[in-house]
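Report on one structure; see the data block that follows.
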Amino acid sequence: MTGRRSASASAVLRVVLDEGAIARSTIARRTGLSAAAVTGHVAELMRRGLLVELPEVAGAVGRPHVPVDLDTVRFVVCGAHIAVDHLTVGLLDLRGKVLAQLEAPHQGAEPAVQVAQIAELLDDLLIGHAPERTPLGLGVATGGWVDEASGTVVEHGLLGWHGVPLRALLTEVTGLDVRVDGHSRALIHAERLLGQPRARNSVVQLFTGNVVDAAFATGDTVHHGPRSAAGAVAHLRVDDSEEPCRCGRSGCLEATVSERTIARKAVEARLLEEPDFADVLHLAASGNKGAVALFQERARIIGQAAALLLDVLNPEILIVLDQSVRDVEGCLSTIRDEVSQRSWICQDAVKSVVTSSFPGTELATAGGAVMLNALYEDPLFTRLANAS
């Protein structure tokens, strides 16, 4: 009975997320729940501070109704993303709008150091941007192999992490309800809740940074696999690459297209004196031919991986999250061209291969979406009752 009650409350909350201000009668039609059930769920969600009544409006035949909407003022959702070189923390409202975000280089690679830094950055954000709001919880996204059920980073080779109980560590330091997941799965949750409507049918998320990984969802299910190991594409062999990989082989996808590799190649090509990916990206965005050529070749290789994922999984859409796709003209077209040439399944790469719905806030959104997904799956979970 408890599971059914949570599922019905989830259905009500998701309709309000999708529709905005909405009458209880319309919620009943959208969800298939009875009017009495909707009234009960709305009352409970209002008691918990998730919904709020708006002023009465006249109905089609003159009967006033009182719409409800998400309360985007009372709570704030905290999000954190752990990248190889830096941390991003953010505050989101219940609609996933990023209210504020901070990015900072790591003060050290050790888990305890990064946990303390996340807590400090969040305190700064909460005090500076949401002093009157109640933190609902903290969602954390990172690359590597993340066991979502236990909140453990099983392995993150580039950080040197193995078996790090990240959820437990952050819960102890922050006192918040903490949820942890891989960043590609987190971004799928964000797209399905807040972004691409087609992502609700089936979607692949391909993330390319220093870490390269993927995630897949179909229907209502984001695929995790045993111990949440699904999406490990870092060691896919790509054509025309002999780039050495930390696994001992050469030509692996992550080693070939990682941001560190591109920064090193920029130095080898005498575009820069020091390897800095942000500087290479800036050169390319400014039209430097040598830097653009590096990113075009990188995009071609990303397109190889995208074509393979499209053929194996046949999703409605494949979302590529990569800074060069956003900032360097022609990179997205190159990925789509490679998909068109290589894929047996994809009929229209322009429609099938798309970019993130959250340009500029992808990493903060990824972290926050881990917590938002937990909320919208079960808005009646215990810690929420305590927060309200």
Side-chain angles (χ1 to χ4, degrees), residues 10-11 13-20 30 70 72 77 79 81 90 92-98 101 139 141 181-209 212-224 230-231 233 299 302-303 305-327 331-333 335-336 338-340 343 345-377:
S10 170
L13 198 62
R14 285 173 182 263
V15 165
V16 181
L17 174 66
D18 287 345
E19 302 287 342
R30 295 280 195 275
L70 293 175
T72 57
V77 173
H81 181 274
L92 293 76
D93 68 16
L94 293 189
R95 289 199 173 277
K97 178 184 178 182
V98 176
Q101 63 178 346
D181 208 347
H183 55 200
S184 286
R185 287 193 296 267
L187 287 160
I188 279 186
H189 290 316
E191 291 288 353
R192 287 154 62 86
L193 280 172
L194 314 163
Q196 292 273 353
R198 289 189 296 156
R200 296 184 181 182
N201 296 324
S202 58
V203 57
V204 170
Q205 174 79 51
L206 177 59
F207 184 101
T208 54
V212 176
D213 58 15
F216 174 65
T218 184
D220 294 327
T221 303
V222 178
H223 183 63
H224 286 74
V233 298
I302 292 171
L308 177 61
L309 291 169
L310 283 163
D311 283 357
V312 171
L313 298 171
N314 191 26
E316 182 82 14
I317 55 171
L318 182 144
I319 301 170
V320 178
L321 197 157
D322 181 85
Q323 290 190 69
S324 67
V325 167
R326 185 184 67 206
D327 296 340
C331 283
L332 180 59
S333 297
I335 293 171
R336 287 169 168 168
E338 195 71 14
V339 166
S340 296
S343 174
I345 298 296
C346 180
Q347 298 297 309
D348 188 338
V350 173
K351 289 184 178 179
S352 297
V353 180
V354 300
T355 58
S356 170
S357 299
F358 314 101
T361 62
E362 297 98 334
L363 301 186
T365 299
V370 178
M371 194 66 216
L372 284 169
N373 181 64
L375 167 67
Y376 282 99
E377 280 193 342

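Heavy-atom basis, side chains included; hydrogens, waters and symmetry copies ignored.
- Taking all atoms of both residues into account, the shortest heavy-atom contact from Leu321 to Leu187 is CD1-CD1, 3.4 Å.
- Note that CG of Asn314 is 8.5 Å distant from OG of Ser343, once rounded to the nearest 0.5 Å.
- Residues Thr355 and Arg326 have side chains not in contact (no heavy-atom distance under 4.5 Å, counting atoms from C-beta outward).
- The minimum heavy-atom distance linking Thr365 with Ala190 is given by the pair CG2-CB, 3.8 Å.
- Minimum interatomic distance between Ala306 and Val339 (heavy atoms only, all atoms of both residues): CB-CG2, 3.8 Å.
- Remark: Glu191 engages no residue in a salt bridge (charged side-chain N to carboxylate O under 4.0 Å, His left out) (not counting sequence neighbours).
- Annotation: side chain of Ile317 is in contact with side chain of Gln196 (closest heavy-atom distance under 4.5 Å).
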Handout entry: Chi angles and distances behind the side-chain contact (heavy atoms from CB on, under 4.5 Å) call for Val204, Leu310
Key = CA-CA 8 Å; Val204 170; Leu310 283 163; over 6 Å; no
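- Applying the side chain to side chain donor-acceptor pair (under 3.5 Å) test to residues at least two apart or on different chains, the pairs with a partner in residues 199-209 are Asp18-Arg200, Thr208-Asp322.
- In this structure the side chain of Leu17 reaches within 4.5 angstrom of the side chain of Leu194, judged on heavy atoms.
- Note that CD1 of Ile319 and OG of Ser356 are 7.0 Å apart. Values are rounded to the nearest 0.5 Å.
- Residue Tyr376 holds its OH atom at 5.0 Å from CG of Leu94, rounded to the nearest 0.5 Å.
- Shown here for Cys331 and Ala299, the closest heavy-atom pair between the two residues is O-CB, 3.6 Å.
- In this structure Arg30 satisfies the side chain to side chain donor-acceptor pair (under 3.5 Å) test together with Glu19, sequence neighbours excluded.
- With Gln101 contributing its side chain and Gly79 its backbone, the two residues share no donor-acceptor pair below 3.5 Å.
- The closest donor-acceptor contact from the side chain of Arg336 to the backbone of Val353 lies under 3.5 Å.
- Applying the salt bridge (Lys or Arg N to Asp or Glu O under 4.0 Å) test to residues at least two apart or on different chains, none of the pairs has a partner in residues 351-360.
- Formation of a donor-acceptor pair under 3.5 Å by the Ser184 side chain with backbone atoms of Leu206 is not found in this model.
- Between the side chain of Glu377 and the main chain of Leu375, no donor-acceptor pair closer than 3.5 Å is present.
- With rounding to the nearest 0.5 angstrom, the NZ atom of Lys97 is 14.5 Å from the CZ atom of Phe358.
- The stretch residues 363-372 participates, sequence neighbours left out, in no salt bridge (Lys or Arg N to Asp or Glu O under 4.0 Å) pair at all.
- Between atom CD of residue Glu362 and atom OG of residue Ser357 there is a gap of 10.0 Å, rounded to the nearest 0.5 Å.
- With hydrogens and angles ignored, the 3.5 Å screen pairs no side-chain donor or acceptor of His223 with any backbone N or O of Thr221.
- To the nearest 0.5 Å, the span separating OG1 on Thr218 from CG on Leu313 amounts to 9.5 Å.
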Could you list the donor-acceptor pairs under 3.5 angstrom formed between side-chain atoms of residues 366-374 and any protein atom two or more places apart in sequence or on another chain?
| from | atom 1 | to | atom 2 | distance (Å) |
| --- | --- | --- | --- | --- |
| Asn373 | OD1 | His189 | ND1 | 3.3 |

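- Side-chain atoms of Asp311 come within 3.5 Å of backbone N or O of Ile345 as a donor-acceptor pair.
- Considering every non-hydrogen atom in both Leu318 and Val320, the closest pair reads CD2-CG2, 3.5 Å.
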